[in-house]
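Have a look at the structure below before the remarks.
Nothing here was measured: the structure is a model prediction, and the numbers come from that model. Below, each value reflects all heavy atoms present in this structure, side chains not excepted, and no hydrogens, waters or symmetry copies.
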Amino acid sequence: MIVILKRYSILLTGLLMLNSACTPSSFNEEDVTVGVLLSHHIDDQGWNQEAYQSVLRLQSDYEIDVYVKENISTPRMIRSTVEELVDDYQADLIIGHSHLYEQVFLEIAGDYPDVHFAGMNSELEGDNLTGLHFEGYAMGYFAGMLASEMSETNRVGVIAAFPFQPEVKGFTSGAKYHRPDVHLEIEYTESWVDEHRATAYFRMMEQNGVDIFYPAADGFHIKIVDEVKAAGLRAIGYVGDQIDLGEQVILTSTVQKVDAIYDFTFDQFKKGELESGNLYFDFQDDAITMGEYGAGVPDDVVEWLESHITHYQETGELPHEAYATE
C-alpha cells in the first residue's frame, strides 16, 4: 500500500465560501490536522486526482497539516488508517473522498468523539459526522438535453457505475424532456473502475448506433473517451473538464468542483462552524458547472443550454418545471 505523507500549508483562498464570507482574522488560530482518505491512486485522472490537486491548490498562511492516504478501500484498511491518523498524527478532521467510507465512519465515529468525520457523497448523521454531497441530478439533466440535441442517430448512451447515481437519472430526464423520442441506452458496470466491462458496453452501444456517450464513472471515463475518439463519435466528460481530451470529441463536461468543497470544508472546520449532518452543493453554490464546450457545438446551442442553466441557477427550476409553471 502506497502512503502519501506530506505536510502542506493550506490556503483558504476563497474559491468558494458557500453562504458566508470570511477574513483571515475570523479563523481559529489553533493548529488543525486533516487526514484525507482516497480510494484509489492520486493520479487516476479523475475523482481521486481532483481531491489531491485540490489539497495542493489550497495553500495559505493558516496552519493546517494534511496527510493524504491513497488506496484505502476496504473496511479494515479504513479502520487502521483512521487509527493511525488519530494516534500518530493527532488528526482533528478526517475526510473520506468516496461514499465507500460511509458505513465505517458511521460505525467508528463514536469511538473518536474529538475527531470530525466528513464523507464525500456519504449519508452521515451524528454529532461529529458531515456528509458532503454534489447534487448530480441537474448536471446530468443538462448533459442529457445537450446529448439528445446533438445526436445525429437519435441514440445516446450512458455507461455508469451504479444505478443510484443521480446524474444518470437526471441525464434520462433531460434527454427525454428535450427529445421525447430519443432512444436511450444505459448500462451499469457495478464498479467505478471496471474498464473491461465499460468497454464491452461501449462496443454494444456503438453497434446499436449510439453516437453520443456519457461515461459516468471516474475510473473508466478516460478509457471510454479514448474509444469514442477512435470510433469518430462524441462524448460528454465527467467530474473534471475533459475538453483537453479532444475539442472535436468532447461536447462539454459535467464538472464537480472538488476544490470548492474542500475549500468550504477546511474553512468551516477551521472556524468551528462545520455543520453535522448532510450538506448539498449545486450550480447555485458554484460547486457544479458545465465545462468548456467543444468545437462541434454550435454557438446557438451553447446559448440555448446556458440560458436554461442560468434560469435554474436563479430559480431552482429545471426546464420541465419551468414549463409547467408558465
Side-chain angles (χ1 to χ4, degrees), residues 3-20 22-39 42 48 51-70 72 75 77-133 258-279 281:
V3 176
I4 310 277
L5 270 181
K6 298 181 180 179
R7 300 173 72 90
Y8 304 101
S9 179
I10 302 302
L11 172 59
L12 306 177
T13 57
L15 290 174
L16 174 67
M17 299 302 178
L18 299 178
N19 301 321
S20 66
C22 68
T23 61
S25 61
S26 67
F27 282 85
N28 181 345
E29 291 304 324
E30 292 183 4
D31 291 347
V32 172
T33 299
V34 180
V36 178
L37 309 184
L38 305 180
S39 58
I42 61 173
N48 293 278
Y52 185 60
Q53 290 179 339
S54 295
V55 170
L56 294 179
R57 284 194 292 267
L58 291 172
Q59 300 178 357
S60 172
D61 51 1
Y62 303 116
E63 293 301 323
I64 300 181
D65 296 323
V66 182
Y67 295 88
V68 180
K69 302 278 194 170
E70 63 178 355
I72 308 300
M77 294 171 70
I78 297 168
R79 290 174 181 272
S80 63
T81 302
V82 167
E83 183 177 0
E84 177 189 1
L85 287 169
V86 175
D87 292 347
D88 295 351
Y89 306 108
Q90 293 73 55
D92 304 292
L93 169 66
I94 296 177
I95 302 175
H97 192 67
S98 169
H99 76 285
L100 69 81
Y101 300 107
E102 175 181 293
Q103 187 58 42
V104 176
F105 279 10
L106 286 169
E107 293 171 359
I108 68 175
D111 299 331
Y112 302 96
D114 297 326
V115 178
H116 199 109
F117 293 85
M120 296 293 287
N121 296 322
S122 299
E123 290 290 333
L124 298 175
E125 294 285 352
D127 291 341
N128 59 333
L129 289 160
T130 300
L132 304 164
H133 300 267
V258 174
D259 57 353
I261 303 303
Y262 272 74
D263 190 5
F264 168 79
T265 304
F266 290 166
D267 168 41
Q268 295 294 292
F269 185 77
K270 184 75 174 180
K271 294 190 294 186
E273 298 177 1
L274 182 60
E275 297 180 16
S276 299
N278 293 285
L279 307 177
F281 307 91

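Formation of a donor-acceptor pair under 3.5 Å by the Asn128 side chain with backbone atoms of Ala109 is found in this model. Between the side chain of Ser276 and the backbone N or O of Asp127 there is at least one donor-acceptor pair closer than 3.5 Å. The backbone N or O of Ser98 sits nowhere less than 3.5 Å from a side-chain atom of Asn121 that would complete a donor-acceptor pair.
Every residue two or more places apart in sequence or in another chain was checked for a salt bridge (Lys or Arg N to Asp or Glu O under 4.0 Å) with Glu125, and none qualifies. With sequence neighbours left out, Ser122 forms a side-chain contact (heavy atoms from CB on, under 4.5 Å) with His99, Glu102, Leu124. In this view, His133 and Tyr280 satisfy the ring-ring contact (aromatic ring centres under 6.0 Å, His included) rule, not counting sequence neighbours. Thr130 meets the side chain to side chain donor-acceptor pair (under 3.5 Å) test with His116; sequence neighbours excluded. Listed by chain and number, the residues in a side-chain contact (heavy atoms from CB on, under 4.5 Å) with Glu83 are Asp87, Tyr112 (sequence neighbours excluded).
Aromatic ring centres of Tyr101 and Phe117 lie farther apart than the 6.0 Å criterion allows.
Atom OG1 of residue Thr265 and atom NZ of residue Lys270 lie 15.0 Å apart, to the nearest 0.5 angstrom. Here the CG atom belonging to Asn278 is positioned 8.5 Å from the CG atom belonging to Leu132, to the nearest 0.5 angstrom. Expressed to the nearest 0.5 Å, how far CD of Gln53 lies from CG of Asn48 amounts to 11.5 Å. Taking OG of Ser39 as the start and CE of Met77 as the end, the distance is 10.0 Å to the nearest 0.5 Å. For the atom pair OG1 of Thr33 and CD1 of Ile94, the computed distance is 10.5 Å after rounding to the nearest 0.5 Å. Between atom CD of residue Glu70 and atom CG of residue Leu37 there is a gap of 12.0 Å, rounded to the nearest 0.5 Å.
Here the side chains of Thr81 and Ile72 are in contact, with some heavy-atom distance below 4.5 Å. At least one side-chain heavy atom of Leu93 sits under 4.5 Å from a side-chain heavy atom of Phe266. Using a 4.5 Å heavy-atom threshold, the side chains of Val68 and Leu38 count as touching. Residues Lys69 and Glu84 are in side-chain contact: their nearest non-hydrogen atoms beyond the backbone lie under 4.5 Å apart. In this structure, the side chains of Val32 and Phe269 come closer than 4.5 Å at one or more pairs of heavy atoms. Side-chain atoms of Asp92 and Val115, non-hydrogen and from C-beta on, never get closer than 4.5 Å to each other. Looking only at side-chain heavy atoms (C-beta outward), Leu129 and Leu106 come within less than 4.5 Å of each other. Asp263 is not listed as a side-chain neighbour of Ile261, based on a closest heavy-atom distance of 4.5 Å or more.
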Side chain to side chain contact (heavy atoms under 4.5 Å, CB included) between Leu100 and Ile78, intermediate numbers included: CA-CA 10 Å; Leu100 69 81; Ile78 297 168; 3.9 Å; yes
Working note: Val82 + Ile108, criterion side chain to side chain contact (heavy atoms under 4.5 Å, CB included); need CA distance, chi angles, decisive distance, verdict. CA-CA 9 Å; Val82 167; Ile108 68 175; 3.9 Å; yes
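For the 3.5 Å distance criterion, the side chains of His97 and Tyr52 fail to qualify, holding no donor opposite an acceptor.
Shown here for Gly96 and Phe105, the closest heavy-atom pair between the two residues is N-CE2, 3.6 Å.
Sequence neighbours left out, not one pair with a member in residues 110-120 passes salt bridge (charged side-chain N to carboxylate O under 4.0 Å, His left out).
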